[in-house]
Structures are given as C-alpha cells and as structure tokens.
Amino acid sequence: MCSGGGNQMASCLLRTINGFHHVKKKKMVIWNDNCCGQFKNRMMIFLYLYFIAMGMIDKIEHTFLMVGHSFGSADRDFAVIQHRWKVTSNNQVLEHVATGIEEARPTRPFKTFRMGGKFFDIDEAASLIINTSKLKISKTTWIMAEKSAPGVVEIRESFNEISDFKSYKF
C-alpha cells in the first residue's frame with residue numbers, strides 16, 4: 001500500500017512492478033476510487049506508457065469507480081486493517097503502521113513495500129512528454145494502454161460501457 005500524491009503513487013507502482021519482473025502475467029488491471037490527485041494525473045499515464053514501451057506489461061486497464069460506489073475488496077481490506085489498528089493502537093511510527101498492516105490478516109498476510117524515502121522524480125519526466133490538458137483527465141472513468149499501440153492512451157469519460165474510447169498519442 002502506498003498513499004500520497006501522484007509522484008509518490010507512481011513511484012510506489014514503479015518500484016512494485018520492478019520487483020515483479022519475474023512474473024509472466026503481462027496484463028495489469030487497476031480499480032480504484034475517483035481520487036484525481038493520486039491516480040488521474042500525467043505521472044501515472046507516463047508510467048503506463050513506460051511499462052508498455054519497456055515491454056514490462058502488454059496491456060494496462062485502469063478503471064475508476066463511480067463516486068459513492070467504492071466499496072470493493074480494497075475497502076474490505078482497509079476495514080480489516082482498521083480493526084487491527086484499533087486493537088493494537090501501537091502505530092507511532094511508519095514501521096509500526098507497516099507491521100500492523102502485515103499482521104492484520106494472519107491467514108493471507110498483506111504485503112507492504114517500504115520505500116525508504118526512495119521516490120523517483122516521475123513528475124519531471126512526465127512534464128517533458130505528457131500534456132493532459134486535452135484529456136479532461138478529471139472526468140476520466142477508464143484509461144487503457146497496450147503494446148499494440150505504443151505511445152497511445154485510450155480514455156473513456158463515461159461509465160456507459162458502449163461509449164467509445166478516445167485515443168491520444170504521446
């Protein structure tokens with residue numbers, strides 16, 4: 001788990017994907033709430049294009065839940081973690097928080113990734129390549145990128161599954 005702004009989230013995702021270079025699965029599916037600052041930004045789009053260009057992933061689908069409808073499995077996981085925190089209440093420093101998350105579910109423990117303050121400056125790289133002004137990224141409901149169209153991001157602005165994607169070349 002990682003929280004923070006766009007650069008921190010992108011750094012966490014990059015470090016995580018780099019840590020799974022041995023995994024054979026080549027499709028990444030992300031579902032999350034509609035938090036614009038963390039996931040709907042040029043740094044995440046840059047990262048998706050980077051993963052595709054480097055051959056790390058063949059297809060990325062990032063879907064955003066409707067506002068008020070974010071009660072998915074991640075929310076249940078957070079409830080488990082929150083309950084554990086209330087029981088232990090020893091969360092004084094970041095290491096305590098990570099340990100509390102890992103121990104919250106004994107049968108299939110959550111995994112944490114300690115960044116150790118090592119964040120990449122993805123914002124600077126993304127600023128040179130990605131201009132999201134035409135994307136209307138805050139209204140995006142689905143972002144897709146794939147190997148068959150390098151440098152292209154497809155965006156859907158509606159939750160209607162029959163609405164078309166708009167393609168943007170970077």
Side-chain angles (χ1 to χ4, degrees), residues 1-83 101 104-105 108 110-113 120 122-123 125-170:
M1 290 188 198
C2 186
S3 62
N7 197 57
Q8 290 86 357
M9 294 302 285
S11 288
C12 289
L13 184 58
L14 178 59
R15 296 262 323 258
T16 301
I17 295 299
N18 279 337
F20 289 107
H21 63 277
H22 62 284
V23 174
K24 302 283 187 231
K25 294 182 180 179
K26 291 292 201 160
K27 181 177 179 182
M28 180 169 64
V29 178
I30 303 169
W31 286 81
N32 70 284
D33 61 14
N34 248 313
C35 184
C36 292
Q38 293 177 342
F39 290 104
K40 290 184 178 182
N41 58 59
R42 71 180 178 281
M43 292 164 279
M44 295 302 288
I45 290 175
F46 173 84
L47 201 55
Y48 300 157
L49 295 173
Y50 173 78
F51 290 152
I52 299 288
M54 298 303 292
M56 299 164 83
I57 298 174
D58 292 341
K59 185 172 184 176
I60 299 168
E61 293 185 27
H62 191 160
T63 306
F64 301 91
L65 299 170
M66 291 177 74
V67 175
H69 291 83
S70 59
F71 298 106
S73 61
D75 295 299
R76 289 188 295 275
D77 291 342
F78 283 121
V80 168
I81 293 166
Q82 185 177 26
H83 174 72
I101 291 170
R105 189 175 61 192
R108 284 182 303 125
F110 295 109
K111 296 178 184 175
T112 60
F113 191 83
F120 301 101
I122 296 170
D123 186 24
S127 296
L128 297 172
I129 297 172
I130 307 291
N131 180 351
T132 58
S133 62
K134 293 181 182 178
L135 296 181
K136 298 179 188 171
I137 198 160
S138 65
K139 297 179 182 191
T140 298
T141 62
W142 196 332
I143 300 171
M144 193 165 43
E146 56 189 312
K147 180 181 175 179
S148 63
V152 174
V153 172
E154 296 192 57
I155 304 284
R156 183 186 281 167
E157 295 177 13
S158 169
F159 289 102
N160 182 344
E161 291 189 20
I162 60 171
S163 65
D164 292 330
F165 282 91
K166 294 179 184 175
S167 293
Y168 297 91
K169 176 96 172 134
F170 293 100

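Between Ile122 atom CD1 and Met44 atom CE the span is 8.5 Å, to the nearest 0.5 Å. Taking CD1 of Ile60 as the reference point, atom NZ of Lys26 lies at 11.0 Å (rounded to 0.5 Å). For the atom pair Leu14 CG and Met43 CE, the distance stands at 13.0 Å (nearest 0.5 Å). Atom NZ of Lys139 sits about 14.0 Å away from atom CD1 of Ile155, to the nearest 0.5 Å. Summarising the geometry, atom CZ belonging to Phe46 is positioned 10.0 Å from atom CZ belonging to Phe51; distances are rounded to the nearest 0.5 Å. Between the CD atom of Glu161 and the OG1 atom of Thr141 there is a distance of 10.0 Å, given to the nearest 0.5 Å.
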Exercise. Take Leu49 and Ile129, measure what side chain to side chain contact (heavy atoms under 4.5 Å, CB included) needs, and give me the verdict at the end.
Key: CA-CA 10 Å; Leu49 295 173; Ile129 297 172; 5.7 Å; no
Quiz item: Can you check side chain to side chain contact (heavy atoms under 4.5 Å, CB included) on Tyr48 and Leu13, steps first, answer last?
Solution: CA-CA 10 Å; Tyr48 300 157; Leu13 184 58; 4.0 Å; yes
Quiz item: Where do Tyr50 and Ile17 land on the side chain to side chain contact (heavy atoms under 4.5 Å, CB included) test, with the steps shown first?
Solution: CA-CA 11 Å; Tyr50 173 78; Ile17 295 299; over 6 Å; no
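Around NZ of Lys169, the count of heavy atoms belonging to other residues, nucleotides or ligands within 6.0 Å exceeds 12.
The closest side-chain heavy-atom distance from His62 to Thr140 is not below 4.5 Å. Residues Ile130 and Tyr168 fail the side-chain proximity criterion, which asks for heavy atoms closer than 4.5 Å.
By the ring pair (Phe, Tyr, Trp, His ring centres under 6.0 Å) test, Phe170 pairs with no residue at all, sequence neighbours left out. Take Asn160 and apply the side-chain contact (heavy atoms from CB on, under 4.5 Å) test, not counting sequence neighbours, and it matches Ser158, Ile162, Ser163. Judged as a side chain to side chain donor-acceptor pair (under 3.5 Å), and not counting sequence neighbours, the contacts of Lys27 are Glu61. Residues that satisfy the side chain to side chain donor-acceptor pair (under 3.5 Å) test with Asn131, not counting sequence neighbours, are Ser133. Arg15 pairs by the side chain to side chain donor-acceptor pair (under 3.5 Å) definition with nothing, not counting sequence neighbours.
Lys166 places no side-chain N or O within donor-acceptor distance of the main-chain N or O of Leu135, the cut-off being under 3.5 Å.
Between Phe64 and Phe159, the shortest heavy-atom distance links the atoms O-CE2, 3.0 Å.
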Sequence neighbours excluded and cut-off under 3.5 Å, please list the side-chain donor-acceptor pairs for residues 143-150, or say none.
none

